[in-house]
Participant: 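Questions regarding the structure given below will be posed in turn.
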Amino acid sequence: MTGKNCLVTGATGYIGGRLVPDLLDAGHRVRCLARTPEKLRDHPWAGDAEIVRGDVTDPASLAGAMTGIDVAYYLVHSLGTGSGFEARDRDAARAFADAARAAGVRRIVYLGGLTPAGIPVRSLSPHLRSRAEVGEIFLAGSVPATVLRAAVVIGSGSASFEMLRYLTERLPVMVTPSWVGTRCQPIAVRDVLRYLVGSAGMPPEVNRAFDIGGPDVLTYEEMMRRYATVARLPARLILRVPMLTPRLSSHWIGLVTPVPRALARPLAESLRHEVVCAEHDIAVHVPDPPGAPIGFDEALALALRRIRDAKVTTRWSSAAVPGAPSDPLPTDPDWAGGSLYTDRRELTVGAPAAELWRVVEGIGGENGWYSFPLAWAVRGWLDRLVGGVGIRRGRRDAARLRVGDSLDFWRVEEIEPGRLLRLRAEMRLPGLAWLELRADPPSAGESGSRYRQRALFHPRGLLGHLYWWSVSPFHAVVFGGMARNIARAAERADASGKADASGKADADTA
């Protein structure tokens with residue numbers, strides 16, 4: 001198969017961010033359409049792909065992005081965006097199909113959801129119904145389409161895997177809804193990517209949907225028990241309670257796992273009906289190599305190994321949280337956009353800027369926020385209670401950050417390695433908030449380095465102003481403590497490094 005010109009939408013998301021390098025490795029040329037191209041800047045493959053700014057709902061940007069494209073991948077959806085998401089998905093799919101036809105695109109490839117046999121589309125959950133409708137729009141268009149339909153995707157960082165992982169690891173005894181007895185056919189993310197890449201080479205006459213799944217058909221209860229076995233956990237006690245509806249289940253999942261309620265509910269609703277592949281015709285066009293499709297236990301083992309080795313390339317939280325603020329930090333010193341409250345902290349640090357930066361870049365996740373852990377935990381719980389993401393999303397990588405990474409209830413808006421980390425808040429707030437951390441060289445006549453920290457808040461309405469003034473009395477403890485503890489952590493790390501170097505030198509001399 002000769003290399004093709006491929007357009008990938010959703011490259012900032014979980015599947016799209018993994019598909020791009022696989023397409024490049026297969027010899028294709030890749031163009032990514034992103035609302036915020038800066039989020040792709042730090043990906044290892046960014047220099048090998050063309051990245052353009054645009055949106056699937058904007059016909060003008062779609063027209064430019066589609067120019068010269070052979071295969072267009074549609075990997076976006078409005079999952080968890082609240083009421084009206086089905087109409088938004090339909091409108092976006094129609095705009096995409098129209099732009100593909102006008103540009104002479106040869107194939108559209110779409111990853112949708114596996115739908116249950118014998119269930120009318122109107123009876124499906126809103127999430128599955130919308131996925132099915134988008135697939136039908138593409139198949140009804142004039143551009144040949146490949147619609148891949150998958151159930152639960154198992155891979156490091158996927159929302160389905162994280163939900164399974166945290167429920168099983170955190171609850172040795174589980175009171176579960178009746179849907180844990182529903183059968184489904186999970187698929188390893190590696191097989192999903194293999195089918196997506198292979199779909200680029202399908203002949204022009206192919207215009208249809210394909211069911212894709214792994215070799216195992218399991219209930220969710222069996223999946224949890226097998227996860228416990230693969231992860232070497234004690235056997236789990238699972239008790240079913242029929243009155244736990246998908247709505248109640250989503251609250252329960254939101255409390256126990258990092259997956260927010262807005263995302264957990266459609267995932268839970270999708271498990272009400274049995275979703276098992278009715279065919280495996282995809283193998284005619286994308287043959288299965290030896291050992292594929294990957295079995296459920298092996299998929300779990302691969303995902304856990306990636307987590308253990310800190311090689312999770314994308315996560316479910318890679319895409320921006322629907323409804324979260326996306327406005328960039330105002331940089332004009334005379335910004336006229338209204339009030340901008342600021343809390344500033346600055347300290348001289350008895351450690352080099354490089355050591356200080358290592359502490360700054362490692363903030364959050366397992367390392368915490370260096371001040372008043374209870375206050376951060378309470379703020380995270382309050383955010384979860386109102387439907388926010390909370391503080392448990394953690395980090396994709398324990399040591400390195402890149403633009404677009406989620407970091408607990410923040411997202412990395414800008415990073416200048418060795419110098420600046422700017423985070424934008426994604427918790428529920430009556431306004432916009434940022435946290436900026438800097439590791440600067442020392443001022444004249446000083447040694448070590450300079451730590452500069454700014455918390456900024458742009459209030460929305462009277463409630464926003466009241467919010468700032470209600471929490472400002474705690475800033476000395478939270479933000480002041482953060483600055484002091486980050487400085488101390490850098491100094492301790494520097495002293496430890498010098499001691500180790502001194503000990504090595506003494507050993508070499510002896």
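In what follows, residues are counted from 1 in the order of the sequence shown.
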Participant: Donor-acceptor pairs are to be reported for all side-chain atoms of residues 361-368 against protein atoms at under 3.5 Å, with residues two or more places apart or in another chain.
Facilitator:
residue, atom, partner, partner atom, Å
Glu361, OE1, Trp357, NE1, 3.1
Glu361, OE2, Leu401, N, 3.1
Asn367, ND2, Gly362, O, 2.6

Participant: Quick check against the 3.5 Å criterion: does Tyr227 have a side-chain atom that pairs as donor or acceptor with the backbone of Phe161?
Facilitator: no
Participant: Mind telling me whether Trp410 and Trp369 have parallel, tilted or perpendicular rings, with 30° and 60° as the class edges?
Facilitator: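 Tilted, since the angle between the ring planes falls between 30° and 60°.
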Participant: Whether the Ser199 and Arg107 side chains hold a donor-acceptor pair (N or O, under 3.5 Å, no angle test) is what I'd like checked.
Facilitator: no
Participant: Does a side-chain N-to-carboxylate-O contact under 4.0 Å join Arg226 and Asp297?
Facilitator: yes
Participant: If you measure from the Lys or Arg side-chain nitrogens to the Asp or Glu carboxylate oxygens, is any gap between Asp440 and Arg452 under 4.0 Å?
Facilitator: yes
Participant: Minimum heavy-atom separation for Pro215 to Gly295, with atom names?
Facilitator: CG-CA, 3.6 Å
Participant: Is the closest side-chain heavy-atom distance between Arg492 and Asp494 below 4.5 Å?
Facilitator: no
Participant: So does Arg306 get a backbone contact from the side chain of Ser156, meaning a donor-acceptor N/O pair under 3.5 Å?
Facilitator: no
Participant: Can you see which heavy atom on Leu62 is nearest to which on Ala99, and at what distance?
Facilitator: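 The pair with the smallest heavy-atom distance is CB-CB, 3.8 Å.
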Participant: Under 3.5 Å, side chain of Gln185 to main-chain N/O of Cys277, donor-acceptor pair present?
Facilitator: yes
Participant: Check the surroundings of atom CZ in Arg41: do more than 12 heavy atoms from other residues, nucleotides or ligands lie under 6.0 Å from it?
Facilitator: yes
Participant: Arg29 side chain to Gly3 main-chain N or O, any donor-acceptor pair under 3.5 Å?
Facilitator: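 Checked: pair present.
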Participant: Asp91: what forms a side-chain contact (heavy atoms from CB on, under 4.5 Å) with it, not counting sequence neighbours?
Facilitator: Arg94
Participant: Once you round to the nearest 0.5 Å, how far does OG1 of Thr146 lie from CG of Leu111?
Facilitator: 12.0 Å
Participant: Any side-chain heavy atom of Val71 sitting closer than 4.5 Å to one from Val109?
Facilitator: yes
Participant: Between the side chains of Arg402 and Asp397, is the shortest nitrogen-to-carboxylate-oxygen separation below 4.0 Å, so that they form an ion pair?
Facilitator: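 No, no charged N to carboxylate O under 4.0 Å.
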Participant: Check whether any side-chain N or O of Arg31 sits under 3.5 Å from a backbone N or O of Thr67 as a donor-acceptor pair, and report yes or no.
Facilitator: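 It does hold such a pair.
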Participant: With rounding to the nearest 0.5 Å, note down the distance linking SG in Cys184 to CG in Asp216.
Facilitator: 10.5 Å
Participant: Atom CZ in Arg400, atom CZ in Arg395: separation rounded to 0.5 Å?
Facilitator: 9.5 Å
Participant: Using atom types as modelled and distance alone, determine if a side-chain donor or acceptor of Ser61 lies under 3.5 Å from a backbone N or O of Asp55.
Facilitator: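 A pair under 3.5 Å: yes.
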Participant: Do Ile294 and Arg190 have side chains that get closer than 4.5 Å, going by heavy atoms?
Facilitator: yes
Participant: Write down the atom of Met482, the atom of Leu437, and the distance for their closest heavy-atom approach.
Facilitator: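 Minimum heavy-atom separation between Met482 and Leu437: SD-CD2, 4.5 Å.
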Participant: Pair Val360, Arg358 - check side-chain contact (heavy atoms from CB on, under 4.5 Å), show working.
Facilitator: CA-CA 5 Å; Val360 167; Arg358 275 191 283 273; over 6 Å; no
Participant: Could you list the residues that satisfy ring pair (Phe, Tyr, Trp, His ring centres under 6.0 Å) with Phe296, not counting sequence neighbours?
Facilitator: none
Participant: side-chain contact (heavy atoms from CB on, under 4.5 Å) with Pro21: which residues, sequence neighbours excluded?
Facilitator: Trp45
Participant: Using modelled atom types only, decide if a donor and an acceptor are shared between the side chain of Asn5 and the backbone of Ile69 within a distance under 3.5 Å.
Facilitator: no
Participant: With side-chain contact (heavy atoms from CB on, under 4.5 Å) as the test, would you mind laying out the steps for Ile415 and Asp42 before giving the verdict?
Facilitator: CA-CA 9 Å; Ile415 186 167; Asp42 298 329; 3.5 Å; yes
Participant: Please examine the side chains of Tyr195 and Leu193, heavy atoms only from C-beta on, and report whether any two atoms are closer than 4.5 Å.
Facilitator: no
Participant: For residues Gln453 and Tyr451, is any side-chain donor paired with an opposing acceptor at under 3.5 Å?
Facilitator: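 Short answer, yes.
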Participant: Tell me, with the steps shown, if Met202 and Ile282 meet side-chain contact (heavy atoms from CB on, under 4.5 Å).
Facilitator: CA-CA 10 Å; Met202 286 189 177; Ile282 185 71; 3.4 Å; yes
Participant: Would you please name every residue forming a side chain to side chain donor-acceptor pair (under 3.5 Å) with Asp281, sequence neighbours left out?
Facilitator: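 Side chain to side chain donor-acceptor pair (under 3.5 Å) list for Asp281, sorted by chain: Arg208.
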Participant: Under a 4.5 Å cut-off applied to non-hydrogen side-chain atoms, are Ile307 and Arg165 in contact?
Facilitator: yes
Participant: If I compare all heavy atoms of Met66 with all of Ala103, which pair ends up nearest, and what's the gap?
Facilitator: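 Heavy atoms only, the tightest pair is CB-CB, 3.5 Å.
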Participant: Supply the atom-to-atom distance Ile187 CD1 to Ser160 OG, rounded to the nearest 0.5 angstrom.
Facilitator: 12.0 Å
Participant: Would you call Phe479 and Leu435 a side-chain contact if the rule is heavy atoms closer than 4.5 Å?
Facilitator: yes
Participant: Arg424 and Glu426: salt bridge (charged side-chain N to carboxylate O under 4.0 Å, His left out), yes or no, with the steps?
Facilitator: CA-CA 7 Å; Arg424 188 184 70 248; Glu426 288 192 335; 3.7 Å; yes
Participant: If we ignore angles and hydrogens, is there a donor and acceptor under 3.5 Å between the side chains of Arg149 and Thr115?
Facilitator: yes
Participant: With the threshold set at 4.0 Å, does a side-chain nitrogen-carboxylate oxygen contact exist between Arg131 and Glu133?
Facilitator: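 No.
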Participant: Is there a donor-acceptor contact under 3.5 Å from the side chain of His28 to the main chain of Lys4?
Facilitator: yes
Participant: Return yes if some donor-acceptor pair links the side-chain N/O of Ser158 with the main-chain N/O of Ile154 below 3.5 Å, else return no.
Facilitator: no
Participant: Take Ser130 and Asp89, measure what side chain to side chain donor-acceptor pair (under 3.5 Å) needs, and give me the verdict at the end.
Facilitator: CA-CA 7 Å; Ser130 178; Asp89 276 345; 2.8 Å; yes
Participant: Atom CZ in Arg422, atom CG in Leu456: separation rounded to 0.5 Å?
Facilitator: 9.0 Å
Participant: Roughly how far apart are Thr168 OG1 and Met223 CE, rounded to 0.5 Å?
Facilitator: 9.0 Å
Participant: Check the pair Leu128 / Leu114 against side-chain contact (heavy atoms from CB on, under 4.5 Å), numbers first and verdict last.
Facilitator: CA-CA 8 Å; Leu128 278 182; Leu114 185 59; over 6 Å; no
Participant: May I ask you to test the Tyr74-Val134 pair for a side-chain heavy-atom distance under 4.5 Å?
Facilitator: yes
Participant: Where do Leu23 and Cys6 come nearest, in terms of heavy atoms and distance?
Facilitator: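 Answer, listing the atom of Leu23 first, then Cys6: CD1-CB, 4.2 Å.
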Participant: Just by modelled atom types, is the Pro293 backbone N or O under 3.5 Å from a matching donor or acceptor in the Asp191 side chain?
Facilitator: no
Participant: Could you tell me whether Lys39 and Glu413 have a side-chain N and a carboxylate O separated by less than 4.0 Å?
Facilitator: no
Participant: Taking side chain as C-beta onward, heavy atoms only, is Thr9 less than 4.5 Å from Phe96?
Facilitator: yes
Participant: Mind checking what makes salt bridge (charged side-chain N to carboxylate O under 4.0 Å, His left out) contact with Asp58, not counting sequence neighbours?
Facilitator: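 Residues passing salt bridge (charged side-chain N to carboxylate O under 4.0 Å, His left out) with Asp58: none at all.
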Participant: For residues Cys32 and Leu7, report the shortest heavy-atom separation together with the two atoms involved.
Facilitator: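 For Cys32 versus Leu7, the nearest heavy atoms are C-CD1, 4.5 Å.
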